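A quick write-up on the structure given underneath.
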Amino acid sequence: MKNLISKLSPLLICLSFAWPALAAQLADKQEIRIGNGTEPRELDPAISTGVPESHIEDNLFEGLCSYDPFTLAPLPGAAESWQISADATVYTFKLRPNLKWSDGKPLDANDFVYSWRRTLDPKTASEYAYQLYYIKNGAAFNKGKLKDATQLGVVAKDARTLVVTLERPTPYFLNLTSFHTLYPVPRHVIEKHKQGWTKEGNMVSNGPYKLAEWRINKHIKIVPNPHYWDKERLKIKVAYFMPIENENTEEKAFVSGQLHMTTTVPSIKIPYYKDLKKRDPKRAVYQSTPMLGTYYYRFNVTKKPTDDQRVRKALSLTIDRRLIVDKITKGDQVPAWSFVPPNTAGYTYPRTYIKDSPSQQDLATAQQLMKAAGYPNGKGFPKIDLLYNTSEGHKKIAVAIQQMWKKHLGIEIGILNQEWKVYLNTVRALNYNVSRGGWIGDYLDPNTFLNMYVTGGGHNNLGFSNQQYDNYIKMAASELDHSKRLQYFRKAEDILIEEVAIIPIYFYTNNSLISPKVKMYSVDGKLQNWAGNLSDRILLKYYAIAK
Amino acid sequence: MLWILATITFFMVRCAPGGPFDTDKPIPPEILKNIQAKYNLDQPMLVQYGHYLADLVRGDLGPSFRYANRTVNEIIAETLPVSAQLGLLGFLFALSIGLISGMLASSKPNSLRDYVPMGLSLLGVCMPSFVIGPLLVLVFALWLGWFNTSGWEEASDRVLPALTLGIMYAAYFSRLARVGFLDILHQDFIKTAKAKGLSAGRIFFRHAFKGGVLPATTFGGLAMSGIVCGSLVVETIFNIPGLGRFFVQSAMNRDYTLVIGTALLYATLLLIMNLVVDIAYVYLDPRVRHD
């Protein structure tokens with residue numbers, strides 16, 4: 001025996017060194033603290049609308065599908081498989097066996113029927129109910145035109161089979177089933193606690209984690225849900241979402257080690273963190289991820305002088321977008337040449353007249369357009385205002401653009417800021433000429449952008465109306481062939497860009513500070529460095545803390 | 001008094017453009033109608049006002065329009081103790097440091113003992129809390145690592161916010177205490193006490209104290225209200241889960257019920273504090289008692 005040990009001892013020594021090296025990858029304390037912007041208004045996934053809320057809900061709940069943490073592609077979630085009918089209007093979901101709520105009560109297809117009916121019920125008053133307008137009779141029921149909930153296109157054929165019938169083919173419907181508005185909610189808890197069902201102590205959910213504490217403006221603590229079907233995968237044992245609104249406070253908390261992740265980086269600090277990243281890439285904390293969103297200026301196309309396409313085009317041509325992203329926003333934003341961000345579900349709008357920085361030729365064209373519109377060198381151009389909602393960042397951009405227009409077109413434009421809700425009212429009432437806008441897509445499809453500007457659309461605050469545009473959007477909606485759909489979108493966006501109803505300025509990026517200790521697993525279990533995704537989803541199921 | 005305030009706030013907040021449910025992603029009109037029905041916002045303004053007053057009399061401040069699963073009462077109950085703790089600590093700090101340094105200064109005017117605290121207090125008066133706060137964080141949290149930069153989790157998290165909140169008022173207190181004591185120490189009855197051969201300490205604490213702190217007391221009420229209202233800046237800098245943050249946020253969010261609730265609460269606090277100061281006056285200054 002002794003002999004054996006002595007023979008094996010070199011091997012044992014080697015192993016004893018190798019063993020910690022393998023186990024050393026993960027820290028003993030799997031606790032993560034995440035800066036999360038504003039205090040959540042609500043954690044009822046059917047009702048909430050904000051990003052901070054969705055960060056938490058995405059971990060507490062799970063829809064029929066769940067997200068791939070990197071690509072956000074739909075993965076089997078509460079449903080283990082699904083079939084789509086040939087005309088793409090009937091989805092049959094097969095749920096996993098033995099699904100449970102976090103209190104151990106069983107969850108089946110009827111829970112989804114209940115949840116979707118509840119979301120669409122006018123009495124629930126869900127702002128995002130329109131995310132379910134794709135299912136048959138969804139809109140009619142929500143608007144009170146149809147009273148009978150059994151006529152909705154969601155039926156439990158048996159406990160494990162959910163049949164969803166859509167109004168028309170919706171290529172992104174599967175993606176929507178992982179969106180929070182479509183998450184299941186626990187009937188037994190809601191009927192008992194009513195409005196207060198999401199409070200600490202009452203709340204029950206079906207996702208990887210469950211709510212442990214909710215201290216207003218202090219933190220929300222979540223812990224693994226012992227009844228989750230995939231609980232073996234969870235590495236993070238405790239997660240805190242800290243509501244920190246002030247970006248400087250958040251940054252300091254990160255520097256002192258109180259946070260692993262932030263949601264913002266003060267723009268003044270970005271150059272410092274970028275420099276740090278260059279000098280020591282291994283300890284880099286600054287992360288910049290492209291987002292499904294566009295920062296743009298919108299025109300009121302019904303009011304002089306911005307009712308003239310030539311004026312609008314001249315204004316667009318003279319903006320130096322490169323200068324704005326390099327010198328003002330500084331957060332690796334990309335100068336925009338289209339309204340829909342590139343690579344949106346395989347759709348990238350080609351570059352047209354909109355360049356990163358205007359060439360001499362562009363400036364000359366712009367001046368000619370102004371002349372043709374009756375304002376040579378800006379003479380006689382009425383005094384208009386550039387409207388933005390009060391914020392230091394928007395102001396800097398507005399001032400820069402004001403200067404560019406003055407320099408190149410000789411026009412004097414005032415800049416006007418209004419407090420957020422006042423600004424929303426002004427824009428909606430078409431009481432402006434040029435105003436700042438931003439749009440973050442709801443789902444991965446060009447439709448979430450282009451559908452906004454159909455005639456009379458609820459989001460159309462430009463006064464823009466173009467029959468052809470409307471037609472293309474309508475045709476895209478009922479087209480089954482993906483590449484043909486994209487062509488319709490392309491033609492619609494052609495109109496939007498050529499008419500210059502909006503001026504795209506830059507594509508948003510999501511900037512954050514992430515501790516190098518934060519790691520992520522891929523779906524097939526490979527540990528890798530943290531990486532963001534297009535919609536800023538934080539899916540802790542795949543997270544781990546390294547030593 | 002509070003009824004007038006409730007009425008004015010009720011109508012003013014509803015006159016502000018925009019409502020609690022406005023967002024950049026406009027809500028379809030049918031859904032907006034559902035939401036307004038849920039919160040009784042579809043009824044005539046006077047009916048809403050009637051309902052609100054009826055609830056108010058019963059001490060019910062209504063549901064928050066923004067935080068859907070909480071009532072205003074619940075929000076206040078959870079956050080007021082935090083603000084109160086912060087305010088009290090800040091006030092105690094201001095009062096103790098202010099009085100001590102003011103008394104020190106007055107005991108030997110125009111000496112180093114006078115110049116140093118007075119110079120510091122001038123600095124304290126001039127620097128707003130949004131400068132002092134981050135400065136304290138930089139030195140004590142980031143450089144020395146003694147405290148957390150923000151939050152309200154550990155007992156030590158109270159120190160920096162209370163200091164930030166108290167410093168400005170400490171400076172005022174110390175200047176007022178200096179003036180008060182200098183004034184008293186030159187009065188005839190002090191000279192008499194000196195002539196009788198009483199010790200300096202006895203004169204100071206026994207005869208001069210009450211009169212000396214009088215100007216500082218007058219300011220005490222003001223300071224208390226300033227500290228309560230000023231805590232919202234400090235609460236933001238240090239990310240403290242207090243009521244102060246809601247005071248401003250609720251107006252931004254057009255959270256009607258929370259706006260009125262916090263306004264009423266602060267008004268009540270101010271009224272109480274003024275009363276406390278008046279009572280303290282009677283105790284400290286015999287001249288007031290004789291009137």
Side-chain angles (χ1 to χ4, degrees), chain A residues 38-44 47-50 121-130 133 139 142-144 195-199 215-219 242-246 248-250 252-256 258 389 418-428 437-440 442 458-459 461, chain B residues 16-39 63-71 74-75 78-79 82 130 133-134 137-138 141-142 145 147-153 235-243 245-246 249 251-255:
Chain A
T38 52
E39 166 72 17
R41 296 177 62 166
E42 174 55 276
L43 286 181
D44 185 332
I47 291 176
S48 82
T49 56
D121 190 332
K123 282 206 269 328
T124 309
S126 165
E127 278 179 44
Y128 265 14
Y130 63 83
Y133 281 9
N142 187 243
K143 291 174 182 175
Q195 189 101 328
W197 79 271
T198 51
K199 281 185 189 168
R215 302 290 142 82
I216 195 161
N217 259 348
K218 192 173 173 189
H219 65 239
M242 321 285 287
I244 308 184
E245 260 177 85
N246 186 304
N248 295 308
T249 306
E250 192 186 33
K252 287 200 192 92
F254 179 84
V255 172
S256 74
Q258 284 168 264
N389 55 299
Q418 287 182 344
E419 187 256 355
W420 178 238
K421 301 232 168 181
V422 182
Y423 151 90
L424 289 176
N425 259 15
T426 311
V427 170
R428 214 163 293 160
W439 186 256
I440 311 287
D442 284 330
H459 299 63
N461 35 31
Chain B
F21 304 106
D22 279 351
T23 58
D24 54 341
K25 299 195 172 179
I27 306 167
E30 296 86 3
I31 297 183
L32 189 64
K33 239 177 25 209
N34 298 340
I35 297 174
Q36 286 177 333
K38 188 171 166 182
Y39 287 95
S64 161
F65 286 1
R66 183 173 175 86
Y67 305 101
N69 65 358
R70 287 168 201 264
T71 63
E74 283 172 341
I75 292 177
E78 193 168 335
T79 57
V82 175
F130 57 82
V137 170
L138 192 67
L142 291 179
F147 301 103
N148 282 330
T149 56
S150 58
W152 197 253
E153 309 276 340
E235 284 179 15
T236 309
I237 298 173
F238 291 96
N239 207 50
I240 293 166
L243 188 60
R245 277 160 82 184
F246 285 110
Q249 278 171 11
M252 298 280 191
N253 296 331
R254 308 282 192 276
D255 191 343

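In what follows, chains carry the letters A, B, and so on, assigned in the order in which the sequence lines appear, proteins first and then strands, with residues in each chain numbered from 1. This one's a predicted model, so the numbers in the text were calculated from it and none came from an experiment.
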Requested in this report: Please round to the nearest 0.5 Å and tell me the distance separating atom CG of A/N217 and atom OG1 of B/T236.
Outcome: 9.0 Å

Report task. Examine whether an atom of A/I47 lies under 4.5 Å from a heavy atom of chain B, and if so say whether it belongs to the side chain, the backbone or both; otherwise answer neither. Result -> side chain

**Report entry** A/E419 side, atom CD; B/R254 side, atom CZ - distance, nearest 0.5 Å
**Finding:** 4.0 Å

Report summary line: The interface call for B/P63 against chain A, heavy-atom contacts under 4.5 Å, is neither

Query raised in the report: Non-hydrogen atoms of chain A under 4.5 Å away: do they reach the side chain of B/T79, the backbone, both or neither?
Result: side chain

Query raised in the report: How long is the span from the CD1 atom in B/I237 to the CG atom in A/N246, to the nearest 0.5 Å?
Result: 7.5 Å

Query raised in the report: Picking from A/T49, A/L43, A/V255, A/T198, which has the most non-hydrogen pairs under 4.5 angstrom with chain B?
Result: A/T198

Requested in this report: Measure the shortest side-chain to side-chain distance between B/Y67 and A/E39 over non-hydrogen atoms and say whether it is less than 4.5 angstrom.
Outcome: yes

Query raised in the report: Can you say whether B/F65 sits under 4.5 Å from chain A via the side chain, the backbone, both, or neither, judging by heavy atoms?
Result: backbone

Requested in this report: Indicate the atoms forming the closest heavy-atom contact of B/L142 with A/S256, along with that distance.
Outcome: CD2-CB, 3.9 Å

Report summary line: Cut-off 4.5 Å, heavy atoms of chain B, and the answer for A/Y133 is side chain

Query - chain B contact via A/S126 - side chain, backbone, both or neither, heavy atoms under 4.5 Å - result: backbone

Query raised in the report: To the nearest 0.5 Å, how far apart are CD in A/E245 and CD in B/Q249?
Result: 4.5 Å

Report summary line: Separation between CZ (B/R70) and CD (A/E42), nearest 0.5 Å, reads 9.5 Å

Query raised in the report: Quick one: of B/E153, B/E74, B/K33, who has the most non-hydrogen atom pairs under 4.5 Å with chain A?
Result: B/E153

Report task. Measure the shortest side-chain to side-chain distance between B/N69 and A/D44 over non-hydrogen atoms and say whether it is less than 4.5 angstrom. Result -> no

Query raised in the report: With respect to chain B, which residue among A/A125, A/P243, A/A253, A/G144 yields the maximal number of heavy-atom pairs within a distance under 4.5 Å?
Result: A/A125

Query - A/Q258 vs B/S150 side-chain heavy atoms within contact, under 4.5 Å - result: yes

Report task. Nearest 0.5 Å please: distance from the NZ atom of A/K252 over to the CZ atom of B/F238. Result -> 8.5 Å

Query - A/N142 versus chain B, the contacting section by heavy-atom distance below 4.5 Å - result: both

Query raised in the report: Side chain, backbone, both or neither: which part of A/S48 has a heavy atom under 4.5 Å from chain B?
Result: neither

Query raised in the report: Between the side chain of A/R41 and the main-chain N/O of B/R66, is any donor-acceptor distance below 3.5 Å?
Result: yes

